[in-house]
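Residue numbers run from 1 in the order of the sequence given. Note that the structure is predicted; figures quoted are calculated from it, not measured.
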Amino acid sequence: MTLKNILLTFSICLTTILTAYAQTSSTCGDAKAVTQIGRSNLAIVIHSNDTETVWNAFRLANFAASQKDTVKIFLLGKGVEAQNLTSENFDVRRQMESFVAAGGQILACGTCLKLRHTEGNALCPVSTMAELYALIKQSQKVITF
């Protein structure tokens with residue numbers, strides 16, 4: 001077998017393998033492929049203290065958790081005020097408690113809490129930039145509100 005034939009055979013094999021891989025790893029419009037991938041890691045960073053915005057962020061987190069996704073929320077900046085937000089129309093605290101009860105995790109920036117002369121608690125434990133960085137690195141998707 002000549003070098004030319006060996007390279008041609010190698011090229012055909014490589015193309016076949018890459019095509020097969022692309023077909024099995026593509027999830028575009030294929031519900032079966034999504035199921036094969038398994039659970040997603042979703043990080044939600046909340047940096048708003050707008051009651052409706054925070055309420056919707058936690059609604060999304062609760063829905064994702066109900067779909068068996070792994071979801072973690074990091075409260076940053078004004079977002080650390082989330083547990084104290086109240087509104088007649090938007091029960092943020094209830095959404096937060098539901099999220100944690102479903103196995104979700106909420107982390108709150110320690111520096112941001114200190115700037116507001118407040119502390120973390122069981123619902124929102126104090127966290128760090130290093131933990132936010134790790135959360136972003138390990139997550140498949142990061143969403144900010």
What I want to check is whether the side chains of Arg59 and Asn56 have a donor and an acceptor closer together than 3.5 Å.
yes
Between Ser48 and Val54, the two heavy atoms sitting closest are O-CG2, 3.2 Å
Spell out, yes or no, whether Phe63 and Ile143 are grouped together once hydrophobic residues are joined by side-chain heavy atoms under 4.5 Å, including indirect joins.
no
Surrounding CZ of Arg116 (heavy atoms of other residues, nucleotides or ligands, distance under 6.0 Å), is the total greater than 12?
yes
Side-chain heavy atoms of Phe74 within contact of Ile136, under 4.5 Å
no
Heavy-atom pair with the smallest gap, counting every atom of Ala65 and Val71:
N-CG2, 4.0 Å
In Å, rounded to the nearest 0.5 Å, how long is the span from CG of Leu113 to CG of Asn121?
8.5 Å
Going by heavy atoms in the side chains, are Leu76 and Cys112 under 4.5 Å from each other?
yes
Nearest 0.5 Å, what's the CG-CG distance between Asn49 and Leu85?
6.0 Å
Which heavy atom of Leu75 sits nearest a heavy atom of Cys124, and at what distance?
CD1-SG, 3.8 Å
CZ of Phe90 to OG1 of Thr53: how many Å apart, nearest 0.5 Å?
9.0 Å
Please check if atom CD in Glu119 has more than 12 non-hydrogen atoms from other residues, nucleotides or ligands closer than 6.0 Å.
no
When you group the ILVMFWY residues by side-chain heavy-atom contacts below 4.5 Å and let the links chain together, are Leu132 and Phe145 in the same group?
no
Value for OG1 (Thr51) from CD (Glu81), rounded to nearest 0.5 Å, stands at 10.0 Å
Do side-chain atoms of Glu97 reach the backbone of Arg94 as a donor and acceptor pair under 3.5 angstrom?
no
Is there side-chain contact between Asn89 and Trp55, with heavy atoms separated by less than 4.5 Å?
no
So how far is it from Gln83 CD to Thr118 OG1, rounded to the nearest 0.5 Å?
6.5 Å
In this structure, would Leu135 and Met129 fall into the same cluster of hydrophobic residues linked by side-chain contacts under 4.5 Å?
yes
Apply side chain to side chain contact (heavy atoms under 4.5 Å, CB included) to residues Ile73 and Met96 and explain how you reach the verdict.
CA-CA 10 Å; Ile73 294 178; Met96 292 174 76; over 6 Å; no
Could you walk me through whether Asn62 and Gln95 satisfy the side chain to side chain donor-acceptor pair (under 3.5 Å) test, starting with their C-alpha distance in whole Å, then the side-chain angles of each, then the deciding distance to 0.1 Å, before giving a yes or no?
CA-CA 8 Å; Asn62 280 315; Gln95 290 292 328; 2.8 Å; yes
According to a 4.5 Å side-chain heavy-atom criterion applied to Ile, Leu, Val, Met, Phe, Trp and Tyr, with indirect links allowed, do Val45 and Val92 form part of one hydrophobic cluster?
no
How many angstroms lie between atom CG of Leu107 and atom NZ of Lys72, to the nearest 0.5 angstrom?
7.0 Å
